[in-house]
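Within every chain, numbering begins at 1; the chains are lettered A, B, ... in the order of the sequence lines, protein sequences first and strands thereafter. Any value given below was found using the heavy atoms of this structure, including those in side chains, with hydrogens, waters and symmetry copies removed.
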There are 2 protein chains.
Amino acid sequence: MATGRTHRPATRSRGIPEATVARLPLYLRALTALSERSVPTVSSEELAAAAGVNSAKLRKDFSYLGSYGTRGVGYDVEYLVYQISRELGLTQDWPVVIVGIGNLGAALANYGGFASRGFRVAALIDADPAMTGKPVAGIAVQHTDELEQIIADNGVSIGVIATPAGAAQQVCDRLVAAGVTSILNFAPTVLSVPDGVDVRKVDLSIELQILAFHEQRKAGEETGTPDEAASAQSAAPADAITPGAAAAAPAPLAPHRAAPGAGTDNGRQGPDGDVPAVMPA
Amino acid sequence: MATGRTHRPATRSRGIPEATVARLPLYLRALTALSERSVPTVSSEELAAAAGVNSAKLRKDFSYLGSYGTRGVGYDVEYLVYQISRELGLTQDWPVVIVGIGNLGAALANYGGFASRGFRVAALIDADPAMTGKPVAGIAVQHTDELEQIIADNGVSIGVIATPAGAAQQVCDRLVAAGVTSILNFAPTVLSVPDGVDVRKVDLSIELQILAFHEQRKAGEETGTPDEAASAQSAAPADAITPGAAAAAPAPLAPHRAAPGAGTDNGRQGPDGDVPAVMPA
DNA sequence: CCATCTTTGTGCACGCGTTCACAAAGACAT
DNA sequence: ATGTCTTTGTGAACGCGTGCACAAAGATGG
């Protein structure tokens with residue numbers, strides 16, 4: 001109010017909280033849907049419901065962008081779509097390269113969501129010579145050797161890594177060296193990049209494990225006791241540690257309850273620590 | 001109702017912070033790698049580096065699980081692998097169904113990370129009759145009609161949705177009705193589920209948009225704050241939509257911005273609000 | 001058995017994000 | 001105009017997560 005939004009109260013450019021940025025795409029999607037139905041305006045309440053968030057949170061989020069609503073009425077859909085798009089930088093064209101054209105890479109290449117929001121697949125790159133030239137999603141796959149050239153020619157600043165874990169860091173380094181400053185990583189590895197480069201990761205395995213955790217917790221609650229406490233700490237890590245000896249089998253200590261599946265496959269090995277996010281191509 | 005379910009009241013005595021749970025899989029991966037190299041023990045500092053987190057944070061995270069370390073030495077790798085696996089519920093078998101066998105669904109089915117951590121693909125389901133019986137990743141695709149039966153027969157409690165956005169909610173409802181209580185959603189839609197059901201979403205488009213935002217900001221800083229204050233406020237929402245403004249602001253930044261001269265592009269269409277996460281099968 | 005050195009476990013403070021609750025702003029009817 | 005009603009925008013409180021800094025625990029060496 002006082003400041004209203006006169007001279008971008010500093011809350012502006014640098015201000016938008018990360019959490020808010022992460023939700024803008026969500027609002028944008030909901031708004032786009034409304035726009036297609038020719039809905040002229042929406043209240044924070046309605047839009048919040050559509051986006052699956054709290055209305056107060058939504059209003060606060062929008063407040064970081066400026067005062068784009070009208071009290072007593074709501075927000076103008078079209079206008080808001082434009083404002084958010086602009087804020088997210090979707091009004092410009094973002095050429096993207098996808099490295100690693102395995103199952104996942106191909107799926108990404110075909111993903112319609114790319115093109116629909118200002119993202120353009122500038123090239124598909126794979127290390128397998130057999131893939132070179134092969135068309136995927138209408139685009140001919142190019143060999144890794146061309147990577148630097150492709151990045152430069154197309155002014156690519158966003159790269160998507162869908163290679164096996166083992167190749168991810170190397171690919172990442174090359175992308176960064178070539179000028180890419182934002183990376184979306186699908187490989188199950190922690191990438192190290194220099195300052196100034198953003199990395200976001202999407203990890204299937206992790207998501208499933210988190211679900212498993214909650215699932216287990218739910219199951220435990222239902223049936224009387226999670227027991228946890230029992231084996232919790234008492235399991236005397238003291239003797240189990242034996243550094244030099246490195247007790248070969250850690251399993252024996254906590255008998256724990258018999259798992260439903262009983263499949264104590266625990267000892268899986270996976271040749272490379274963690275399986276690639278996608279087939280090696 | 002609402003998008004329901006997110007965090008519980010937190011009254012949980014055995015309450016491991018959500019943020020910690022989300023990192024456990026990360027630690028587990030790093031530990032598994034060490035285990036394969038037969039490294040007996042590791043310090044919080046080393047492990048933290050491998051997992052890409054702060055060592056203090058790692059120690060605090062582990063403290064929620066109990067005191068599994070030895071001062072002056074570090075943590076016993078094997079023992080910790082076991083403890084975390086147990087905590088995450090990975091010592092048991094989790095049958096999973098994947099619904100929507102398009103490009104993405106197929107990629108997921110082939111994803112090695114599934115089997116390697118106690119997750120077992122119990123079935124692949126698709127609505128397209130043409131897909132039925134077709135083997136994907138060594139498993140015959142089954143028709144949606146069988147969904148309920150499959151869930152029941154296999155005791156599935158985790159479902160993965162990789163269908164187009166339009167079918168997601170319906171599939172979700174059926175999964176939940178059939179007994180699934182955890183869902184990993186790849187479709188670009190907000191799913192509403194009853195309380196007690198957990199939903200985690202993986203949204204490609206959103207990740208890219210977030211990257212674009214930062215990318216834009218970075219570009220803007222380089223050249224000297226573009227600052228879109230231009231079309232800032234009141235400008236009658238109605239006509240303001242005409243993105244003539246676009247030209248004014250972010251022009252000089254993007255290295256490429258091959259955007260069509262006619263900034264009017266803004267209205268990129270995207271017929272269905274948001275394209276499916278994967279090709280329709 | 002004692003001294004020293006290493007590394008964990010955690011108390012504490014800080015900052016971000018969420019939520020509540022309400023005054024102000026505007027639409028709309030009279 | 002004026003009053004009523006709706007909905008925004010935001011101040012303030014609260015809670016979670018993060019990171020610092022350090023005491024305690026235990027290993028190691030003499």
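Taken residue by residue, residues 191-199 of chain A places no heavy atom nearer than 4.0 Å to DNA chain D.
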Go through Thr32(A) and Glu36(A) one step at a time and tell me if the side-chain hydrogen bond (donor to acceptor under 3.5 Å, both in side chains) criterion holds. CA-CA 6 Å; Thr32(A) 302; Glu36(A) 276 157 21; 5.9 Å; no
Under the side-chain contact (heavy atoms from CB on, under 4.5 Å) criterion, do Ile158(A) and Val180(A) qualify, and how do the steps go? CA-CA 6 Å; Ile158(A) 299 179; Val180(A) 168; 5.7 Å; no
What verdict does the side-chain contact (heavy atoms from CB on, under 4.5 Å) test give for Arg200(A) and Leu211(B), after you've listed the backbone C-alpha separation in whole Å, the side-chain angles of each residue and the deciding distance to 0.1 Å? CA-CA 8 Å; Arg200(A) 291 192 68 84; Leu211(B) 281 179; 3.8 Å; yes
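In the set dT10(C), dT18(D), dA21(C), dA21(C) carries the atom at the smallest distance from any side-chain atom of Ala56(A). Taking the side chain of Arg59(B) as heavy atoms from C-beta on, and the options dT7(C), dC22(D), dT8(D), the nearest nucleotide is dC22(D). You'll find that the side chain of Lys57(A) is closest to dT18(C), out of dG9(D), dT18(D), dT18(C).
Comment: Asp198(A) does not engage Arg217(B) in a salt bridge, judged by the lack of any side-chain N to carboxylate O separation of less than 4.0 angstrom.
The separation between Asp76(A) atom CG and dA27(C) atom C1' is 15 Å, rounded to whole Å. Computed from coordinates, the Tyr64(B) OH to dT10(C) P distance equals 10 Å when rounded to whole Å. Residue Leu58(B) contributes atom CG, which lies 16 Å from atom C1' of dC20(D) at whole-angstrom precision. Atom C1' of nucleotide dC16(C) and atom CD of Glu18(A) are separated by 12 Å, given to the nearest angstrom. Look at CD1 on Ile16(A): it is 15 Å from C1' on dG17(C), rounded to the nearest Å. A straight line from CZ of Arg23(B) to P of dC16(D) spans 15 Å, rounded to a whole angstrom. When rounded to the nearest whole Å, the span between CG of Leu47(B) and P of dT6(C) equals 20 Å.
Across all strands, Tyr75(A) comes closer than 4.0 Å only to sugar-phosphate atoms, never to a base (heavy-atom distances).
To the nearest 0.5 Å, the span separating CZ on Phe213(A) from CD1 on Ile84(B) amounts to 12.0 Å. Separation of atoms CG (Leu204(B)) and CZ (Phe119(A)) is listed at 10.0 Å; rounding is to 0.5 Å. Interatomic distance, OG of Ser55(B) versus CG of Asp61(B), reported as 11.0 Å (0.5 Å rounding). With rounding to the nearest 0.5 Å, the separation of CD1 in Ile210(B) from CZ in Arg23(A) is 10.5 Å.
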Protein-nucleotides 23-26 of chain D N/O pairs closer than 3.5 Å?
unit_1: dA24(D); atom_1: N3; unit_2: Arg71(B); atom_2: NH1; d: 2.8
unit_1: dA25(D); atom_1: O4'; unit_2: Arg71(B); atom_2: NE; d: 3.3

What are the atom names and distances for every N/O pair under 3.5 Å that joins the protein to nucleotides 12-15 of chain C?
unit_1: dC12(C); atom_1: N4; unit_2: Lys60(B); atom_2: NZ; d: 3.2

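Donor-acceptor pairing under 3.5 Å is recorded for the side chains of Arg59(A) and Ser44(A). Checking Gln169(A) against Thr189(A) by side-chain atom types alone, no donor-acceptor pair falls below 3.5 Å.
Within the 4.0 Å cut-off from OP1 or OP2 of dC20(D), at least one side-chain nitrogen or oxygen of Asn54(B) is found.
No donor-acceptor pair closer than 3.5 Å links the side chain of Trp94(B) to the backbone N or O of Ser157(B).
Aromatic ring centroids of Tyr68(B) and Tyr79(B) lie under 6.0 Å apart.
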